[in-house]
Amino acid sequence: MNIEDKSFKELLRASMKSKDTEEWLDVYFTRPIGLVFAKMWYRLGVTPNTITILSIFLGVAAGAMFYFTNVWYNIIGVVLLVLANLCDSTDGQLARLTNQRSMIGRCLDGFAGDTWFFAIYLAIALRIWHQHMPGTNEPWGFFGLALAAIAGIVCHAQQSSLADYYRQIHLYFLKGKAGSELDSYASEHAIVEQLKGKKGVFWDRAFHYNYQNYCKSQERRTPEFQKLRKALKEHYGTVEKIPQEWKENFLKKSRPLMPITNFLTFNSRAIIIYITVLANIPWLYFFIEIIGYTMVYMFMHKRHEDHCRKMRKELDKKQVELTE
């Protein structure tokens with residue numbers, strides 16, 4: 001697509017994944033501003049991956065600003081994180097508009113987000129290190145660091161990866177294989193095996209090796225969807241051959257879960273970080289992450305697994321009726 005030949009409204013619509021999976025804040029704020037930057041980077045010949053790398057520096061710098069208790073430093077951190085998120089939106093929009101989407105770009109995008117939050121969580125843990133826990137004379141110390149580790153590794157990483165997986169599943173049935181980034185451990189593992197023993201492919205193999213483990217983690221936590229996916233492949237082969245009526249039935253129950261998947265990604269977390277950091281109670285964010293977000297995650301996971309189980313049973317029942 002030639003960006004210069006299209007209107008802003010047409011480009012904005014084309015730069016979004018789908019109405020079902022876009023957040024309100026992104027639709028009316030992040031995406032329009034991101035598109036302005038995308039057009040600027042396009043004219044300058046800057047690639048999406050370069051923009052992603054820029055977002056990493058901005059996000060890490062934001063984390064560094066959250067270490068300080070000075071409110072002006074914190075405001076700078078908020079601005080930097082907003083800019084990092086705009087870059088994150090811009091790289092994806094530019095990639096979709098110019099057909100520069102790639103698996104490496106997608107994983108680099110995920111790595112960028114992980115880097116931002118690692119810097120932010122570490123900065124908050126160090127910020128509260130010598131501060132007293134509420135109602136006590138005991139400093140947070142290692143307990144604060146432990147909270148950061150639990151919030152980041154046990155909760156945040158797992159929640160955001162599964163939320164992304166559910167969005168890709170939705171897009172898979174909405175737009176087909178070309179409109180989704182629903183990958184599998186099996187396909188990634190096959191690539192890793194193909195690259196074994198070849199020279200000059202160290203980084204490619206390392207990338208696919210790590211990504212296969214990411215996919216494996218998603219699949220391990222979604223057993224009912226894996227059964228459904230296997231059944232669909234046996235009955236229809238490709239997603240394009242699945243009856244449209246079946247897809248619509250799946251999407252009807254999946255659609256209400258999309259706001260929940262969005263809640264478990266960037267925007268809501270960023271807003272809570274802004275509030276707690278500026279109010280000088282950043283430790284509260286860790287508890288919200290560990291308790292509040294985990295409850296939302298468990299609800300989302302159960303609803304989606306129950307839905308996949310029901311759809312699979314209906315599919316099996318229909319196939320039995322056809323063979324009788």
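Heavy-atom basis, side chains included; hydrogens, waters and symmetry copies ignored.
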Peer 1: With side chains defined as the heavy atoms from C-beta onward, is the minimum distance between L145 and W129 less than 4.5 Å?
Peer 2: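 Yes, at least one pair of side-chain atoms sits under 4.5 Å.
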Peer 1: Considering all heavy atoms of both residues, which atom of Y293 and which atom of S268 are nearest to each other, and what is their separation?
Peer 2: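 Minimum heavy-atom separation between Y293 and S268: OH-OG, 2.7 Å.
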Peer 1: Taking the six-membered ring of Y185 as reference, does the cationic atom of K216 (NZ for Lys, CZ for Arg) lie under 6.0 Å from its centre and within 45° of its axis?
Peer 2: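 The answer is yes, since K216 meets both limits relative to Y185.
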Peer 1: Classify the side-chain pair Y285/E289 by whether it contains a donor and acceptor separated by less than 3.5 Å.
Peer 2: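 On atom types as modelled, these side chains qualify, holding a pair under 3.5 Å.
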Peer 1: What are the two closest non-hydrogen atoms of A231 and L315, and how far apart are they?
Peer 2: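 Result for this residue pair: CB-CD2, 4.0 Å.
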Peer 1: Salt bridge (charged side-chain N to carboxylate O under 4.0 Å, His left out) with E224: which of R229, R309, K310?
Peer 2: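 Testing each of R229, R309, K310 against E224, the sole residue satisfying salt bridge (charged side-chain N to carboxylate O under 4.0 Å, His left out) is R309.
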Peer 1: With no hydrogens and no angle check, just 3.5 Å: does a side-chain donor-acceptor pair link R205 and N210?
Peer 2: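 Per modelled atom types, R205 and N210 side chains form no pair under 3.5 Å.
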Peer 1: Give a yes or no on whether a salt bridge exists between D164 and R167, defined as a side-chain N under 4.0 angstrom from a carboxylate O.
Peer 2: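 So D164 pairs with R167 through a salt bridge.
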Peer 1: We want to know whether T52 and D109 form a side-chain donor-acceptor pair, criterion being a heavy-atom distance below 3.5 angstrom.
Peer 2: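 Short answer, no.
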Peer 1: Evaluate the criterion ring pair (Phe, Tyr, Trp, His ring centres under 6.0 Å) for residue pair H307 and F250; output intermediate values, then yes/no.
Peer 2: CA-CA 8 Å; H307 176 45; F250 183 92; 4.7 Å; yes
Peer 1: Using side-chain contact (heavy atoms from CB on, under 4.5 Å) as the criterion, list what pairs up with T222, not counting sequence neighbours.
Peer 2: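 Testing T222 for side-chain contact (heavy atoms from CB on, under 4.5 Å), a comparison that skips the adjacent residues, returns L162, Y165, Y166, F225, Q226, E305.
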Peer 1: I'd like to check I191 versus Y211 (side-chain heavy atoms, cut-off strictly below 4.5 Å). Are they in contact?
Peer 2: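 Not in contact.
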Peer 1: Can you confirm whether more than 12 heavy atoms, excluding those of F118, are under 6.0 Å from its CZ atom?
Peer 2: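 Counting neighbours around CZ of F118, 12 or fewer heavy atoms of other residues, nucleotides or ligands fall under 6.0 Å, so no.
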Peer 1: Please examine the side chains of T50 and W41, heavy atoms only from C-beta on, and report whether any two atoms are closer than 4.5 Å.
Peer 2: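 A side-chain contact under 4.5 Å is absent here.
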Peer 1: Out of R269, H301, M300, which residue meets the side chain to side chain contact (heavy atoms under 4.5 Å, CB included) rule with Q159?
Peer 2: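 Option passing the side chain to side chain contact (heavy atoms under 4.5 Å, CB included) with Q159: R269.
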Peer 1: Do D91 and N49 have a side chain donor and acceptor closer than 3.5 Å?
Peer 2: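 There is no such pair between these side chains.
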Peer 1: Just wondering, do L278 and F66 contact through their side chains at under 4.5 Å, heavy atoms?
Peer 2: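 No, every pair of side-chain atoms sits at 4.5 Å or beyond.
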